[in-house]
Amino acid sequence: MSATITVRHGETQVDLDAGATAIQALKALDAIRGQIVAALVDGAEWDLDRPVPDGAEVAGLYADTDQGRAVLRHSTAHLMAQAVTDLFPGAKWAIGPPIEDGFYYDFEVARPFTPEDLDAIEARMHELAKQRQAYVREEVAREDALAEFAEQPYKLEIISLVDEGKIVSAVDVAADGEDGAAGAPTFTVYRNVRPDGEVAWSDLCRGPHVPSTERIPAFKLLRSAGAYWRGREDQPMLQRIYGTAWESKKALTSHLEMLAEARKRDHRKLGRELELTHHPDELGPGLSIFLPNGAIVRQQMEDWIRAETLKRGYQPVYTPHIAKEDLWQISGHLENYAELMYPGMDLDDGERSSSEHANRRGAAYRLKPMNCPFHILAFTSRTRSYREMPIRISELGTVYRYERSGVVNGMLRARGFTQDDSHIFCRDDQVVDEVYDCVQFARDLYEAFGLGEPSRVAISTRPEKSLPGNDEGWDAAEQALIQAVERTGLPYETDPGEGAFYGPKIDIHARDAIGREWQLTTVQIDFNLPERFDVSYIGQDGAKHRPYMVHRALFGSIERFFSVMVESFNGAFPTWLAPQQVRVVPVAAEFDGYATSVADALRAREVRVEVDVSDGTLGAKVRDAQTSKVPFTLVVGGSEAESGTVSIRRYGTDKQRKDVPLDDFVTEVVAEIAERRANAPG
RNA sequence: GCCGAGGUAGCUCAGUCCGGCAGAGCAACCGCCUUGUAAGCGGUCGGUCAGGGGUUCGAAUCCCCUCCUCGGCUCCA
């Protein structure tokens with residue numbers, strides 16, 4: 001055992017007494033550059049007060065980085081658990097990891113938490129934080145951990161799960177074998193210790209943590225909700241409290257403002273206010289009516305995708321909303337997917353089985369949850385040759401899925417929705433190209449609709465519960481997806497085991513105007529249906545071959561994408577998408593005639609325009625045009641009528657361009673629409 | 001499906017704790033007013049208080065069931 005150790009930070013290197021901590025090392029290396037919460041030792045997260053090994057590369061982990069915030073939030077979760085333990089004696093605690101933008105902790109308590117409870121817990125957390133408790137790491141043997149947490153069944157279960165090697169990588173805990181004998185892992189416990197040395201609270205936890213509660217600058221509890229232990233429905237339901245924590249009060253405030261902004265932009269709220277959509281209770285959960293304003297926006301989306309699919313060699317089809325159960329038998333949906341399908345329409349009941357309906361006996365029908373079987377029938381409508389591949393069947397297909405009642409969420413998760421659905425049948429040698437084209441198509445779509453580049457591309461590989469056999473097929477398909485994505489140059493990640501049972505897939509996400517991420521596009525390879533429907537084409541060798549089937553939806557769901565548009569643009573659509581593009585406001589009734597002629601000139605060029613002939617004041621009419629988020633308001637009165645001009649006010653500004661010749665405005669707005677211009681020049 | 005919070009006029013919400021005539025603002029409608037960029041004035045209409053059952057002299061209010069919405073869990077486009 002050497003008396004000194006050497007530590008490094010980049011090019012810098014110093015010798016320290018053995019047992020020096022990470023913070024001492026960083027100080028000696030002069031490597032602290034901000035609000036430090038923990039260290040990175042050879043890349044591993046490390047408590048500042050924990051001794052570093054000889055030869056280590058040491059760096060600081062800072063509060064204003066994602067990784068640093070995660071440490072901060074994890075420590076805040078402990079603080080919250082301590083407060084809950086204080087206020088709810090007997091509470092059992094489960095896990096409390098950091099998550100994106102915050103943290104949670106799950107508890108078993110006698111009754112669910114109320115909003116008042118959250119206030120009380122938060123207040124208690126502030127008191128505890130003021131005590132300047134230190135987070136002290138301790139390694140304990142397995143049996144000591146078992147003894148210490150004898151009253152905490154969930155912690156005991158975590159220990160046994162670690163024993164079984166099931167959750168070594170769980171966020172909250174890790175078996176740490178480095179100091180123990182081989183095969184006898186030690187566990188880490190973090191103790192919150194008051195300045196007088198009294199232990200306030202302890203938790204089994206992997207860490208690391210901030211050195212002291214005074215290093216938690218700003219936090220807030222947000223909501224409570226039920227959550228199954230270990231995320232499994234057969235496990236007890238615990239009470240989860242969500243909170244958030246940040247490196248400064250300012251950062252917390254701006255996060256809370258973002259949440260408030262998101263609530264303001266909620267597509268259900270804007271859908272009502274702007275008369276885009278309607279969801280009356282009589283209609284049923286997860287179903288939507290597109291009112292005229294929303295329908296126009298949707299038609300722009302549909303027009304775009306129809307035109308682009310044609311350009312890119314897709315062939316349109318139309319298929320019915322229902323089909324005989326036979327079809328769903330062949331497809332396997334009744335076998336694998338019945339839970340998510342609406343019940344069958346029984347055409348065989350007493351009233352209908354009179355003689356005139358006798359021929360309908362046995363003909364039970366089902367609403368379609370997917371379009372694939374129909375597209376396969378389109379493909380198999382005649383014999384196909386290798387020469388005509390790939391065949392890209394395309395449809396805006398509305399599907400109905402009986403989603404469990406608790407998961408329906410506005411138009412983001414609906415029971416009836418429309419996919420811009422395509423199934424591409426191709427030869428082995430065409431798969432990579434086809435998948436590549438799909439991803440590029442998705443990029444063009446995001447660009448056109450103002451979402452920029454994808455924020456995340458994830459390739460999901462074969463899950464445990466997948467169709468048996470066809471190992472080469474799976475491997476080849478996964479490789480094809482990877483190759484295709486690599487060719488696009490987009491960064492991607494892989495989600496091992498997250499693919500569908502019938503094939504691997506690519507999911508593409510995009511970020512909206514306020515930074516939220518949405519899963520939109522999916523590109524999947526299906527090995528199941530081509531087998532079930534015995535899909536084939538005749539190859540050059542004259543023999544039958546099984547084509548690859550690539551399933552892709554770029555918008556994903558039209559309803560979901562529409563909602564993302566509403567929320568991202570805050571209802572203020574770019575002119576080409578806006579339900580109403582121009583509002584003409586006469587300053588007094590005597591100019592209604594000129595206002596109408598202005599509108600006619602615009603309408604002749606297919607601009608969506610209305611004249612406000614109500615008898616309100618000018619101020620009220622302008623206000624109404626602004627709250628309706630119409631891109632252009634044209635105010636016209638005597639001077640405009642005389643000179644054939646308009647006064648232009650753009651949405652969101654209080655400036656006007658006066659005396660613009662009508663023809664000039666028409667030319668401008670028509671060009672803006674034709675170019676689908678995203679950014680409105682002031 | 002599970003846990004929690006909700007549902008009052010077209011919209012936003014008071015009233016519910018502690019049972020006693022169902023309210024406000026906006027919108028709509030009618031009238032008055034009529035030239036310059038975010039709400040002119042007055043009036044009228046509008047309700048099975050989500051639905052059903054129960055307790056009570058009396059229920060928006062208390063209890064039970066159902067439906068629907070929201071926040072989560074799980075699942076997913």
Side-chain angles (χ1 to χ4, degrees), chain A residues 104 106 111-115 117 222-242 263 266 268-269 272-273 275 278-286 339-340 369-370 397 399 401-415 417-421 498 500 505 507-509 518-522 524 551-561 563-564 583 585-591 614-628 633-641 647-658:
Chain A
Y104 67 79
D106 286 347
R111 59 164 178 81
F113 297 110
T114 64
D117 292 338
L222 297 176
R223 68 176 71 90
S224 62
Y228 297 110
W229 166 234
R230 298 177 59 206
R232 281 167 38 178
E233 287 178 85
D234 57 354
Q235 297 287 324
M237 179 152 289
L238 306 175
Q239 294 302 316
R240 174 172 297 180
I241 301 177
Y242 285 93
R263 277 193 296 278
D266 188 298
R268 293 161 289 214
K269 182 173 176 286
R272 238 194 328 272
E273 290 172 2
E275 296 183 29
H278 188 41
H279 310 272
D281 285 355
E282 305 89 292
L283 202 55
E339 285 283 290
L340 275 165
M370 293 185 185
V399 297
R401 300 184 186 172
Y402 193 80
E403 299 282 358
R404 299 166 83 181
S405 60
V407 308
V408 174
N409 177 266
M411 298 174 72
L412 299 170
R413 185 76 180 272
R415 282 187 173 164
F417 62 98
T418 305
Q419 298 177 307
D420 62 311
D421 210 357
E498 291 297 309
K505 63 173 179 174
D507 288 321
I508 309 180
H509 303 242
W518 304 92
Q519 207 239 289
L520 302 169
T521 301
T522 184
Q524 313 184 343
H551 164 206
R552 53 89 307 184
L554 304 182
F555 283 125
S557 144
I558 299 276
E559 285 79 356
R560 174 181 289 180
F561 198 96
S563 306
V564 172
R583 175 81 55 91
V585 177
V587 299
E590 77 180 273
F591 305 108
S614 67
D615 74 345
T617 57
L618 176 62
K621 291 184 188 184
V622 169
R623 179 174 190 273
D624 186 57
Q626 295 292 301
T627 54
S628 301
T633 304
L634 305 183
V635 175
V636 296
S639 64
E640 286 83 2
S647 166
I648 306 169
R649 177 176 173 135
R650 225 178 155 118
Y651 172 74
T653 72
D654 53 7
K655 286 177 295 188
Q656 294 105 45
R657 285 168 61 206
K658 303 206 169 175

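Basis for what follows: all heavy atoms, side chains included, without hydrogens, waters or symmetry-related copies. Letters A, B, ... mirror the listed sequences (proteins, then strands); counts begin at 1.
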Name the nucleic acid region contacted by [X], choosing base, sugar-phosphate or nothing; use a 4.0 angstrom heavy-atom cut-off, strictly under.
X        : result
A:Gly231 : sugar-phosphate
A:Arg223 : sugar-phosphate
A:Ala414 : base

Decide yes or no, distance alone: a donor-acceptor N/O pair under 3.5 angstrom between the base of [N] and the side-chain of [X].
X        : N     : answer
A:Tyr228 : B:G72 : no
A:Glu282 : B:A50 : no
A:Asp615 : B:C33 : yes
A:Arg413 : B:C75 : yes
A:Thr617 : B:U34 : no
A:Glu640 : B:G36 : yes
A:Arg649 : B:A38 : yes

Nucleotide B:C68, atom P - distance to CZ of A:Arg268 in whole Å: 16 Å
Does A:Arg415 qualify as a cation-pi partner of A:Tyr402, given the criterion of NZ or CZ under 6.0 Å from the six-membered ring centre and within 45 degrees of its axis? yes
